[in-house]
Amino acid sequence: MTQHVPHTCTDSATDDIQLSMQEQNGILSLQQTLLAAVARGDAAHEVIDRLCLLEEQLVPNAVASVMTMDADTQALNVLAAPSIPVEARDQLQNLRPGPEAGSCGNAVFREEPVFVSNTYTDARWKELRSVAEDFNICACWSMPILGAGGKVIGSFALSSFEHRSPTAFHRKLLAIGAHLVGIVLERKAKDTQLRLAARLFETSEEGMVITDAENRIQAVNPAFTRATGYAPDECLGKRPSMLSSGRHDKAFYVALWEKLQRTGHWQGEIWNRRKNGEIYPEWLVISAIRDQSGEIVQHVGIFSDLTEQHASQNRIRFLATHDSLTELPNRMVLEERCGQIITWARKANHRVALLFVDVDNLKLVNDSLGHAAGDVLLQSVAQRLRHCVGDKDLVCRQGGDEFIVLLDELPAFEIAATVAQRINERLGAPYHTDSGELVTSVSIGISVFPDDGEDFNALLRKADAAMYQAKEAGRNTFRSHHLDVSTDVLNDLVIRNGLRPALERNEFSLHYQPILTLDSGALIGAEALLRWQHPTLGNVPPDRFIPVAELTGHIVGIGEWVLGEACREAANWSRRGLGELTVSVNLSPLQFRHGTLEAHVSAALAEAGLSARCLELEITESTLIGDTATLVGQLANLKAQGIRLAIDDFGTGYSCLAYLRRLPVDRLKIDRSFVADMSQDADDASIVRAIVQMAAGLGLRTTAEGVEEAHHHDALKALGCTEVQGYHYARPMPADAFACWAADRLGQPSAAISD
Ligand SMILES: Nc1nc2c(ncn2[C@@H]2O[C@H](COP(=O)(O)O[C@H]3[C@@H](O)[C@H](n4cnc5c(=O)[nH]c(N)nc54)O[C@@H]3COP(=O)(O)O)[C@@H](O)[C@H]2O)c(=O)[nH]1
């Protein structure tokens, strides 16, 4: 049945001419059958087995086989040989291609067809001679199988049980067999690749997005959905810009696309927005997929979410630069920042202040309540410190109980003192902790650039030394080499900041200075004079803090307290049997303007149970400036209640006699400056005389203030002044001292006090 057609030519067109009709039909039928199987998607091994069997039908007394190269071992293995006994196949496994490795080993080794007509004698079968003899393989023709890119991936062979050379038909069958197996194996490899790619796409931890040439989303994988929150149907057909966070400017995206178009590749960190609005960082790699003509047909984006990586990097960075207990920046950050600030301050001609803050009694807390309580205290101190300064300022923990505050862009030295004062106040307030209420204070040293030093270390040394001065000054205060705490400017700041909490902290008290009749020396009352014991400044005189309180408006609240306290004390006097004494209370112009004065006065009288006629209100001439109609109305109302009214410091200010007639006042208090000089200065004496006479003409009484000497007393008596007040009789004194003084006076003859 074998067609012994002579041939030497391998050209297929020539071969086809040499084939018989039957052979040509056989070849066509074989190709159709196998292509149909390939098109159906039959399994690769089934198609190859079928090919072998069909070829065997066309070449009687021969068997077909396929061997493929193992890429790892670089050896040939039998892939298909449906008619060869298993024992023979086993002996052919792991065949290393070479010049003596049989027809298949040679075909792969030489990368060309090999036709051996006598395997028993041919040198090319030396290694497989026993296989040939054992299984009666007399001739063997092998054709290399080419894979993608023309690479030899195996061989297709026909082994004959008779010694013979291949005909043109045999060669054609060999060529067709090798070609078909090549197609099937390549498709199998591609299928495997596709399946692998699909599996990778589905199971990848990285988010993947595939877009078309117009950059519209074609596919997203489950990891994309997990990261962005968008399900596939929410993003298919849309552009990836739906994820834009707004963090990158237009130039960023222009550069991205330019690089992608030019190189086909872009990678970098990008911030996107999840469906829930959260912005997150991702590492994105984009590749452009081009078709054979070089046109971009798709883009593949693969990204990994960097949120956790960023968080842990941030945490590591935070721990390296911050104190773990208080979470404040550490000394390293302080030093670096201080250097930068100083460089800038030098150029901009600014001042910078460094505040060395030391907790006064941390050791006591640690020793008595344990270190856990000490830790809580330090955390609270850190928190309060942060609230004492602005956003641009830096608060650091230097270690232990020491904190440093860096104040930037100081317009004036005094601001540093204001901040220090605020820190003293706020950090001195009680801390409510699980260990109970803790009270502590801080001592602060201030240094200022450039006055106290040109660099961080110099400033730190100065601030440290100043802090020790604050400790020596009794703690809970601040000191500075540069700022003299006795200067008026600094005190103004301290006063301004200290007024607000002074009432709550009971830092105010009233002293009382007796007022006596000049002719008989009888005690008729006392002027209530405000005193302030400041925690760091000590006793602050009223003419230092009252103008500040007026500027800040605190005088309204303070004045209300004075009224209440003075009325309570005056009510006490009568209860203690001192008779019906009048208490004189100074009023600020602001109290009138505030509009609540009458209500406060009524409330103070009612709460104290004091008769209105025992209260005298002193107004200064400056109160008369402005809306006098309203003032006159207010005074009339007060007067109608039975309250007495006096004009204080009379003669020093704006005295419009016309208004004086309309005001319902009872008394003029002659300013002490006229009294002091009236014996030497004829003008002052004339003024006092004029005031006394004018008052008498208007039916008003006169009180001379500041009577320090006996000759003042005598001169005033001669001029007809009705009442006196001054150091000559008594200094202002605390409530109890005044009550004792008054009790003593009541038991003495009047003359004794008029001398
Ligand atoms: N609005 C309010 N003003 C008040 C209040 N309490 C006081 N003041 C005003 O503060 C100014 C200073 O007062 P102070 O330091 O208390 O001085 C008073 C007397 O101590 C002082 N005085 C009395 N006698 C003599 C003396 O013989 N010599 C001398 N050098 N000083 C003496 O005079 C002040 C009383 O002055 P005046 O009120 O003008 O009668 C002062 O203006 C107070 O008014 C308050 O509660 N509210």
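Given the structure is predicted, the values throughout are model-derived calculations rather than measurements. Counting convention: from 1, in listed order, for ligands and their atoms alike.
Atom 17 (O) of ligand 1 lies below 4.0 Å from none of the non-hydrogen atoms of the protein. Distances from atom 37 (P) of ligand 1 to the protein include at least one heavy-atom value under 4.0 Å.
Using a 4.0 Å cut-off between heavy atoms, D649 contacts ligand 1 through its side chain alone, with no backbone atom that close. Only side-chain heavy atoms of I546 come within less than 4.0 Å of ligand 1; its backbone N, CA, C and O stay farther off. Within the 4.0 Å heavy-atom criterion, the part of D648 lying near ligand 1 is the side chain and not the backbone.
For a threshold of 3.5 Å applied to N or O pairs, the pair formed by P542 and ligand 1 contains no separation below that value. Any N or O atom pair closer than 3.5 Å counts here, and Q591 shares no such pair with ligand 1. Here's the thing with H728: none of its N/O atoms is less than 3.5 angstrom from an N/O atom of ligand 1. At least one N or O atom of Q513 sits closer than 3.5 Å to an N or O atom of ligand 1. Between E550 and ligand 1, no pair of N/O atoms sits closer than 3.5 Å.
S443 and D360 form a side-chain donor-acceptor contact under 3.5 Å, judged by distance and modelled atom types alone. Side-chain contact of Q383 with Q379: a donor-acceptor pair under 3.5 Å is absent, judged by distance alone.
Between R672 and E708, no side-chain nitrogen of the basic residue sits less than 4.0 Å from a carboxylate oxygen of the acidic one, so the salt-bridge criterion is not met. Taking a cutoff of 4.0 Å between a charged side-chain nitrogen and a carboxylate oxygen, E425 and R422 do not qualify as a salt bridge. Salt-bridge formation is detected for the pair D736/R576: a Lys NZ or Arg NE/NH1/NH2 atom is positioned less than 4.0 Å from an Asp or Glu carboxylate oxygen.
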Steps toward side-chain hydrogen bond (donor to acceptor under 3.5 Å, both in side chains) verdict (R667, T703): CA-CA 7 Å; R667 219 148 49 106; T703 304; 2.3 Å; yes
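W561 and F508 have tilted rings, their planes meeting at an angle from 30° to 60° on a 0 to 90° scale.
For the pair R745 and Y729, the NZ or CZ position fails the cation-pi test of under 6.0 Å to the six-membered ring centre and within 45 degrees of the ring normal.
Taking 4.0 Å as the cut-off, R531 counts as a neighbour of ligand 1 on heavy-atom distance. Using a non-hydrogen distance threshold of 4.0 Å, Q725 does not register as a contact of ligand 1. In this structure, P732 is part of the shell of residues with a heavy atom less than 4.0 angstrom from ligand 1.
Here is the list of ligand 1 atoms found below 4.0 Å of a heavy atom in G706: 25 (C), 26 (C), 27 (O).
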